[in-house]
Amino acid sequence: MTDIDRAAPRRRLPVITGILVLIALAILISLGTWQVQRLHWKEGLLADIAARQAAGPVPLADIEAMAASGGDIEYRKVTASGRYINNKERHFFATWRGQTGFYVYTPLELADGRFLFVNRGFVPYEKKEPEMRMQGQLTDQQTVTGLARAKLPGKPSSLVPDNDVAKNIFYWKDLDVMAESVGLEKGRVIPFFVDADSTPNPAGLPIGGVTQVDLPNDHLQYAFTWYSLAAVLVVVVAISWFRKSGKQPAQ
């Protein structure tokens with residue numbers, strides 16, 4: 001094998017290494033740019049939710065029309081009137097300000113005979129049964145103002161426990177099962193929920209206004225991480241190149 005044949009692989013190695021470095025650099029920069037784009041999207045979404053919560057309430061019919069047309073009804077303020085069917089309330093396992101308990105979902109019977117499930121708010125674990133909070137079991141005609149919440153398309157995650165319908169403990173908000181478990185026909189149930197606002201209830205229970213907008217916004221941190229890794233890669237390659245250049249024998 002000649003000196004030229006032996007030198008060929010040595011010449012190809014830096015070229016291959018350079019190509020791999022450029023590919024890695026492109027990937028890191030792309031990931032950082034994607035996170036910046038996600039950051040702008042998330043900031044816009046949070047601003048939109050804040051604007052919806054700050055707006056005045058609209059009639060239930062307006063939210064129904066929006067939902068029927070495929071519009072985004074999440075966190076839009078709405079008002080509805082009817083009569084609570086207290087003996088059909090459903091209980092969603094939850095924590096509120098560090099305390100374990102339940103959100104009370106009660107069907108509100110509307111004037112047209114349909115039902116709207118209202119998240120009336122939080123009750124401590126020991127107050128789960130209605131008999132423990134009779135003063136809060138509102139009767140007669142009521143008007144509720146709150147935030148519209150879309151119906152979940154399915155179980156959020158395999159990590160979420162299955163709902164225990166027999167014990168009236170829901171770990172995810174399955175509207176269809178909630179309605180079916182208390183004998184309400186699906187066609188007579190409004191296909192979304194309403195989270196009641198913080199208007200006080202008698203004896204303080206349930207505690208309304210429990211809606212939590214939990215949308216983590218760590219995209220700036222992620223973008224910084226990817227861009228930093230790209231910068232580190234450039235520095236490492238540059239140092240390596242200068243060191244190799246300095247070791248080249250004088251011609």
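This one's a predicted model, so the numbers in the text were calculated from it and none came from an experiment.
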What is the minimum heavy-atom distance between [X] and [Y], and which atoms define it?
X: A150; Y: I73; value: CA-CD1, 4.2 Å
X: P202; Y: Q135; value: CB-O, 3.1 Å
X: V36; Y: A223; value: CG2-CB, 3.9 Å
X: W172; Y: P156; value: CB-CD, 3.7 Å

Cluster question for you: counting only ILVMFWY and a side-chain heavy-atom cut-off of under 4.5 Å, with indirect links fine, are [X] and [Y] together?
X: I49; Y: F192; value: no
X: V21; Y: V236; value: no
X: V177; Y: F93; value: yes
X: F170; Y: L184; value: yes
X: I169; Y: F92; value: yes

At what distance, to the nearest 0.5 angstrom, does [atom1] of [X] lie from [atom2] of [Y]?
X: L22; Y: L233; atom1: CG; atom2: CG; result: 9.0 Å
X: L28; Y: I23; atom1: CG; atom2: CD1; result: 12.0 Å
X: R133; Y: K128; atom1: CZ; atom2: NZ; result: 9.0 Å
X: Q137; Y: E89; atom1: CD; atom2: CD; result: 5.0 Å
X: I85; Y: K88; atom1: CD1; atom2: NZ; result: 7.5 Å
X: M178; Y: H91; atom1: CE; atom2: NE2; result: 10.0 Å

**Item:** Distance-only side-chain donor-acceptor flag, T143 / S81, under 3.5 Å
**Value:** yes

**Asked** Counting heavy atoms not belonging to E131, are there more than 12 under 6.0 Å from its CD?
**Response** yes

**Request:** For atom CD of E185, decide whether the heavy atoms of other residues, nucleotides or ligands shown that lie under 6.0 angstrom number more than 12.
**Result:** no

**Message:** Suppose we screen for side chain to side chain contact (heavy atoms under 4.5 Å, CB included). Which residues come up paired with E126, at least two apart in sequence or across chains?
**Reply:** Q99, P124

**Pairs meeting criterion side-chain hydrogen bond (donor to acceptor under 3.5 Å, both in side chains) with involvement of residues 223-238, two or more places apart** = T33-Y227

[X]/[Y] ion pair, N-O < 4.0 Å:
X: D72; Y: R52; value: yes
X: K186; Y: E180; value: no
X: K151; Y: D174; value: no

**Message:** Y171 vs D162, test: side-chain contact (heavy atoms from CB on, under 4.5 Å). Steps then yes/no.
**Reply:** CA-CA 7 Å; Y171 297 99; D162 292 331; over 6 Å; no

**Asked** side-chain contact (heavy atoms from CB on, under 4.5 Å) between V194 and V78: does it pass, once the steps are laid out?
**Response** CA-CA 8 Å; V194 168; V78 59; 3.7 Å; yes

Would you be so kind as to tabulate the donor-acceptor pairs closer than 3.5 Å made by side chains of residues 102-120, with sequence neighbours excluded?
| unit_1 | atom_1 | unit_2 | atom_2 | d |
| --- | --- | --- | --- | --- |
| Y103 | OH | Q212 | NE2 | 3.2 |
| E109 | OE1 | R83 | NH2 | 2.8 |
| D112 | OD1 | R114 | N | 3.0 |
| D112 | OD2 | R114 | NE | 2.8 |
| D112 | OD2 | R114 | NH2 | 3.1 |
| R114 | NH1 | E64 | OE1 | 2.7 |
| R114 | NH2 | E64 | OE1 | 3.3 |
| R114 | NH2 | E64 | OE2 | 3.0 |
| N119 | OD1 | G121 | N | 3.1 |
| N119 | ND2 | D195 | OD1 | 3.3 |
| R120 | NH1 | G136 | O | 2.9 |
| R120 | NH2 | G136 | O | 2.9 |
| R120 | NH2 | N201 | OD1 | 3.2 |

